[in-house]
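Please read the structure below before turning to the comments.
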Amino acid sequence: MSKRTLYYVIAGVLALGVYSYEYFLVVEEKAEIIELGNEVKNETNEFFLPTSTTGQIVHHEGYSLSYSEPHEQPEWVAYELKKAHLSNANFKRPYFEIDEAVKTGAAHWRNYKNSGYDRGHLCPAGDKQYNKTAYDETFLTSNISPQVHDFNSGIWNTLEQKVRYWASKYNGVFVVTGGVLKGHMKTIGTERVAVPNQFYKILIDNNSGKTKMIAFLLPHENSGKPLYDFVVSVDDVEALTGIDFFPELEDAIETKLEASSSYKDWSFK
DNA sequence: CTGTTAGTC
DNA sequence: GACTAACAG
């Protein structure tokens, strides 16, 4: 072996070493993030978290959220609803509390008092009845949005119950929910909490064979129409909100599923 | 299930 | 302000 060849070999080995080390660092960093997190992120479903347009993602035990300070509410909350989570414990409702994990300061519940609007859960308390801690955690003001009572207890409640039905039927679903924080919105309270004109809910099922999605976009008013009348494509919601919902999904699958507004794979029985 | 309000200390 | 009890869709 010539000296020149030897140099090339050494350079090659060094380059490979540096590359491997950097790769190791990236993996290490990712592992650390996962360790700091929670149940959601310990699962493969951590990769279903949407992007944040606000730069402030907060992780709780049972759900994650992206907080929008100007609107004093999350732009999305995301969590996996496992089949095993479904239960009918009848926990006593706690009081709403400010989420201390929101560094810019989450809204106070006082903004909602006498506003005429409900403190509408985005991650529903009804999805977290498998233990009291998880249940209480949904009563943070970083998880609520002002909702008209007839809407909240009406079609929105019906949709939430449908999600539980699907979680049971399809062995769990991953859920992303929020208000559409765009355009002109009324505000309530001294902190000017925005009242969304529309709410969305997006589901992905990766547990029962082939991956499937469904998205709903509901006007902020009650309706007697069937839920499937409000099905849209994930692309539609992304265009409205600016959020990229399943960035970690394989591109080919993501592109195809997110463009579809078909609900044939979801049972509305 | 989804919630609020009145009355009390 | 925190808490219970009662009530409503």
Side-chain angles (χ1 to χ4, degrees), chain A residues 62-63 65 72-74 76-77 79-100 105-170 172-173 175-180 186-191 193-203 216-230 266-269:
Chain A
Y63 65 97
L65 66 97
E72 290 291 6
Q73 65 191 281
W76 53 255
V77 305
Y79 59 98
E80 183 180 13
L81 180 56
K82 298 183 182 186
K83 188 171 183 174
H85 290 169
L86 301 171
S87 92
N88 279 326
N90 222 336
F91 296 127
K92 184 188 170 191
R93 281 182 152 240
Y95 301 102
F96 281 95
E97 287 181 8
I98 293 173
D99 184 351
E100 298 300 336
H108 195 283
W109 57 264
R110 219 182 278 114
N111 291 287
Y112 291 75
K113 193 173 174 66
N114 299 321
S115 69
Y117 291 89
D118 279 8
R119 302 151 169 106
H121 280 83
L122 292 174
C123 175
D127 285 1
K128 301 292 176 185
Q129 300 221 32
Y130 52 94
N131 79 46
K132 174 68 169 156
T133 306
Y135 180 80
D136 286 353
E137 201 182 42
T138 68
F139 286 78
L140 293 169
T141 57
S142 54
N143 180 44
I144 61 175
S145 180
Q147 290 183 332
V148 171
H149 183 72
D150 284 351
F151 171 80
N152 190 18
S153 64
I155 192 169
W156 189 247
N157 188 17
T158 304
L159 176 55
E160 289 176 339
Q161 292 183 40
K162 188 66 74 179
V163 171
R164 282 171 213 134
Y165 165 73
W166 283 325
S168 172
K169 188 178 180 68
Y170 303 132
V173 288
V175 188
V176 184
T177 297
V180 176
K186 184 184 171 180
T187 64
I188 59 169
T190 55
E191 293 181 276
V193 180
V195 181
N197 298 307
Q198 295 164 294
F199 288 90
Y200 67 86
K201 193 179 281 289
I202 301 178
L203 310 179
F216 296 86
L217 182 65
L218 280 70
H220 189 180
E221 62 189 11
N222 196 23
S223 170
K225 290 183 189 171
L227 280 172
Y228 49 73
D229 278 8
F230 299 97
W266 299 80
S267 168
F268 278 85
K269 180 172 177 279

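The model shown is predicted, which means the values in this text are computed figures rather than measured ones.
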Practice prompt. Report the residue from A:Phe96, A:Trp109, A:Tyr95 that forms a ring-ring contact (aromatic ring centres under 6.0 Å, His included) with A:Phe139.
Written response: A:Phe96

Worksheet item: Got a sec, which residues hit side chain to side chain contact (heavy atoms under 4.5 Å, CB included) with A:Glu137, two or more places apart in sequence or on another chain?
Response: A:His60, A:Glu61, A:Tyr63, A:Leu140

Can you tabulate the close N/O pairs, meaning under 3.5 Å, that link protein atoms to atoms of nucleotides 1-5 of chain B?
unit_1	atom_1	unit_2	atom_2	d
B:dC1	OP1	A:Gln129	NE2	2.8
B:dC1	OP2	A:Asn90	OD1	2.9
B:dC1	O2	A:Asn157	ND2	3.3
B:dT2	OP1	A:Gly126	N	3.0
B:dT2	OP1	A:Arg164	NH2	3.4
B:dT2	O4'	A:Asn157	ND2	3.4
B:dT2	O3'	A:Asn152	OD1	3.1
B:dT2	O3'	A:Asn152	ND2	3.3
B:dG3	OP1	A:His121	N	2.7
B:dG3	OP1	A:Asn152	OD1	3.4
B:dG3	OP1	A:Asn152	ND2	3.1
B:dG3	OP2	A:Arg93	NH2	3.0
B:dG3	OP2	A:His121	ND1	3.0
B:dG3	O5'	A:Asn152	ND2	2.5
B:dT4	OP1	A:Arg119	N	3.2
B:dT4	OP1	A:Arg119	NH1	3.2
B:dT4	OP2	A:Arg119	NH1	3.4

Discussion item. A cation-pi test, strictly: NZ or CZ of A:Lys132 under 6.0 Å from the centre of the six-membered ring of A:Tyr135 and no more than 45 degrees from its axis. Yes or no?
Written reply: no

Discussion item. Testing A:Phe216, A:Phe230, A:Trp156 one by one against A:Phe199 for a ring-ring contact (aromatic ring centres under 6.0 Å, His included), which residue passes?
Written reply: A:Trp156

Fill in: Within 6.0 Å of CZ in A:Phe91, more than 12 heavy atoms from elsewhere
yes

